[in-house]
Amino acid sequence: MYQEFLRFPEHGSRTPSLVDLLHHLKRLDASCPSEGDLEGAPELCRWALVRRPASAYCQLTGYAAAHPRFEWGAPIVTSSVFQLDREFRWARTWSRFYLLSEFAPPTLRRMQAGGLISGDAELVDLG
């Protein structure tokens with residue numbers, strides 16, 4: 001988990017400590033996002049929740065809208081998911097909140113066929 005934490009440049013030029021990781025995990029564990037958190041959140045369209053057997057964490061895959069790092073409609077796989085709204089309106093990943101639009105399980109197969117996510121990724125049952 002610390003390795004994933006190091007991938008995100010939110011700490012400036014210094015190397016984050018384990019204390020920084022613990023503070024980040026506490027923020028991820030907040031019970032509900034604020035209106036401000038969701039106001040600027042990118043949207044994930046035609047999304048699916050997936051898990052790879054080698055990982056203890058789930059990820060979202062889908063098509064980005066208004067994402068700060070990807071073109072509109074780009075297929076993406078998010079960082080690890082830490083919170084998922086019970087009504088599937090939003091999700092909190094390691095790096096940001098996402099607004100969720102339509103759930104689309106076939107997206108996983110499309111992403112696998114395109115080589116964006118490994119073939120061993122499995123759809124998570126949301127029922």
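A quick note: this is a predicted structure, and the numbers were derived from the prediction, not measured.
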Contacts of type salt bridge (charged side-chain N to carboxylate O under 4.0 Å, His left out), residue Glu71, not counting sequence neighbours
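Result, salt bridge (charged side-chain N to carboxylate O under 4.0 Å, His left out) vs Glu71: none returned.
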Rounded to the nearest 0.5 Å, what separation is found between the [atom1] atom of [X] and the [atom2] atom of [Y]?
{"X": "Asp37", "Y": "Phe97", "atom1": "CG", "atom2": "CZ", "value": "4.5 Å"}
{"X": "Arg110", "Y": "Ile117", "atom1": "CZ", "atom2": "CD1", "value": "14.0 Å"}
{"X": "Glu43", "Y": "Trp72", "atom1": "CD", "atom2": "CH2", "value": "7.0 Å"}
{"X": "Leu108", "Y": "Gln59", "atom1": "CG", "atom2": "CD", "value": "11.0 Å"}
{"X": "Arg46", "Y": "Thr61", "atom1": "CZ", "atom2": "OG1", "value": "11.0 Å"}

Any donor-acceptor pair under 3.5 Å from Gln112 side chain to Gly119 backbone:
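Yes.
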Test your reading of the model: is there a side-chain donor-acceptor pair from Arg109 to the backbone of Ala113, 3.5 Å cut-off?
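No: the side chain of Arg109 does not pair with the backbone of Ala113.
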Give the intermediate values and the outcome of side-chain hydrogen bond (donor to acceptor under 3.5 Å, both in side chains) for residues Thr93 and Thr78.
CA-CA 7 Å; Thr93 69; Thr78 69; 5.2 Å; no
To check you understand the geometry: which heavy-atom pair defines the closest contact between [X] and [Y], and what is its length?
{"X": "Pro42", "Y": "Arg96", "answer": "CG-CD, 3.6 Å"}
{"X": "Ser118", "Y": "Arg52", "answer": "OG-CD, 3.2 Å"}
{"X": "Cys45", "Y": "Ser101", "answer": "CA-OG, 3.0 Å"}
{"X": "Arg92", "Y": "Trp94", "answer": "NH1-O, 3.8 Å"}

Each residue besides Phe70 in its hydrophobic cluster should be listed here, by chain and number; the cluster joins Ile, Leu, Val, Met, Phe, Trp and Tyr at side-chain heavy-atom distances under 4.5 Å.
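The other cluster members (ILVMFWY side chains, heavy atoms under 4.5 Å, direct or chained) are Leu44, Trp47, Leu49, Leu60, Ile76, Val81, Leu84, Phe88, Tyr98, Leu100, Phe103, Val124, Leu126.
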